[in-house]
Amino acid sequence: MSSNKSDFSKEIPDLVILHANELVTMDSKIGAPRVGKAMSELAIIKDGAIAIKNDKIIFVGTSDEFLKKMKIGNQTAVVDATGKLVTPGFVDPHVHLIFSGSRENELSMKLAGKTYLEILESGGGILKTVRETRKASIEDLVKNGANILDKMLQYGTTTVEAKSGYGLSVEAEIKSLKAIKELDKQHPIDLVATFLGAHAIPPEYKGRTDEYVDLIINEMLPIIEEQSLAEFCDVFCEKGIFSIEQTRKILLAAKKRSIKSVIHIDEIVDTNGAALAAELQAVQTGHLLQSNDEGLKAMAKEKVIATLLPGTPFCLMMKDYAPARKMIEYGIPVAIATDLNPNCWTESMLMVIVLSCYNMKMSPAEALTAATINAACAIQRESTVGSLEVGKKADIVIFDVANHYFLSYQFGVNLVSKVIKNGLIVIEN
Ligand code: NIG
Ligand code: FE
């Protein structure tokens with residue numbers, strides 16, 4: 001609980017936050033991504049201070065150290081965080097950002113006992129959203145995405161992974177990825193683009209999944225590489241959607257084009273997705289409700305990140321959640337994300353933290369690690385975000401609560417007081 005990093009710079013800060021009751025630095029000196037017991041080490045500074053110049057952090061330490069060693073200039077904005085919690089901005093590493101329309105009608109089907117795959121097979125679910133997304137203009141998609149990102153920022157999220165995946169044609173997938181590029185330019189939140197052309201079998205390819213896989217490999221991936229439209233390639237690997245073999249084929253083709261692997265695995269059925277993720281040395285995987293032990297151990301060995309998405313079983317009214325405790329015990333780096341999509345629509349990482357604790361038995365500290373530094377690792381942004389350290393981006397959240405336990409305790413309300421993105425106060429509640 002002491003100051004663990006200081007840069008006694010001669011610079012005059014633009015902004016200083018003083019007297020934070022708890023300054024959760026998540027200083028990643030102990031290694032990122034964090035595994036096992038290290039997931040509980042938040043590197044908290046009591047009576048913490050953090051100083052910012054331009055868009056970067058130039059000091060992290062106690063308020064005493066700051067006042068002794070650094071100067072406050074005429075132009076320096078000072079924020080008093082007495083009694084408050086300060087953390088790194090949340091990183092949301094699994095988001096289906098680009099879509100049109102909504103699916104609130106599906107709640108009554110779920111209440112009547114219909115499963116996710118039954119809704120999909122009857123032309124609802126992802127395929128309903130695909131029909132609407134194909135019709136939307138790029139401007140519509142950007143507008144919808146911006147509305148979502150605005151809410152995310154209000155809830156303390158400052159970096160987001162954004163997936164395509166509701167186009168499922170060359171034209172509509174490229175349109176979706178271009179919408180992500182445009183949003184990244186327009187919006188204060190930083191985006192990392194993921195191509196999810198293999199999200200479902202488009203209706204015109206029904207019964208011809210292999211041909212659709214070829215379309216992804218031969219027509220979509222070359223354009224994506226040429227126009228630098230995505231850093232990651234994702235596949236919904238699931239019984240009845242894309243098989244292990246098809247998933248491997250797509251991700252290896254993407255890898256050849258330097259597009260890194262992400263996979264939706266073992267959400268409904270264990271198809272041995274975890275073993276495939278380890279084999280391909282995927283950067284991160286989503287869901288993992290049904291993964292077998294051997295696969296999980298292989299993931300731990302390869303340090304594949306498990307991004308757990310408890311909002312989805314919550315929305316699907318499932319009783320099972322991903323076995324987070326076992327994963328942490330095995331040494332798998334665990335991250336958490338909203339999985340925001342028209343089936344599971346929440347912008348709030350606070351909600352996900354609560355679900356992680358109550359339904360996956362993660363501790364408040366583990367959940368916060370999973371939402372910050374480990375989430376940054378899941379999109380390979382740990383050198384710039386996910387912790388509060390000198391030289392990193394000044395992406396910071398001030399919460400109107402005294403300590404980090406409250407984030408897992410007081411739920412259903414927005415606890416954010418201020419959000420600082422790239423050194424600027426962008427949200428003040
Ligand atoms: O991660 N499972 C696949 N894809 C999304 C859901 C997409 C949708 O239902 O629209 C997920 O949960
Ligand atoms: Fe997802």
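Every number for a ligand or one of its atoms is a count from 1 in the order of the listing. Just so you know, these numbers use all the heavy atoms, side chains as well, and skip hydrogens, waters and symmetry mates.
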Name of whichever N/O/S atom of D339 is nearest to the Fe ion (ligand 2):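 Of all N, O or S atoms belonging to D339, OD1 is the one nearest the Fe ion (ligand 2).
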
Ligand 1-proximal atoms of E267, by part, heavy-atom distance under 4.0 Å: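 The answer is the side chain of E267.
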
Proximity of F99 to ligand 1 by residue part, where a heavy atom lies under 4.0 Å: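 Neither; nothing of F99 gets under 4.0 Å from ligand 1.
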
Protein heavy-atom partner closest to [atom] - residue, atom, separation in Å:
| atom | answer |
| --- | --- |
| atom 9 (O) of ligand 1 | Y116 OH, 2.6 Å |
| atom 11 (C) of ligand 1 | D339 OD2, 3.1 Å |
| atom 10 (O) of ligand 1 | Y166 OH, 2.6 Å |

Evaluate the ring planes of [X] and [Y], with Trp represented by its six-membered ring, and classify them as parallel (under 30°), tilted (30 to 60°) or perpendicular (over 60°).
| X | Y | result |
| --- | --- | --- |
| Y205 | Y212 | tilted |
| F90 | F399 | tilted |
| H264 | H199 | tilted |

Test of proximity, T129 against ligand 1: N or O pairs below 3.5 Å: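 In this structure, T129 places no N or O atom under 3.5 Å from an N or O of ligand 1.
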
Ligand 1 to N343 polar contact by distance, N or O atoms, under 3.5 Å: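 In fact, backbone or side chain, N343 has no N or O that close.
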
Angular separation of H94 NE2 and H264 NE2 about the Fe ion (ligand 2), given to 10°: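 About 90°, to the nearest ten degrees.
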
E238 near ligand 1 by a heavy-atom separation under 4.0 Å: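 No, E238 has no heavy atoms under 4.0 Å from ligand 1.
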
Atoms in ligand 1 with a heavy atom of [X] nearer than 4.0 Å:
| X | answer |
| --- | --- |
| N341 | 5 (C), 6 (C), 7 (C), 8 (C), 9 (O), 10 (O), 11 (C), 12 (O) |
| P342 | 10 (O) |
| I126 | 7 (C), 8 (C), 9 (O), 10 (O) |

Whether H287 has an N, O or S atom under 2.8 Å from the Fe ion (ligand 2):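 It does not: H287 brings no N, O or S atom closer than 2.8 Å to the Fe ion (ligand 2).
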
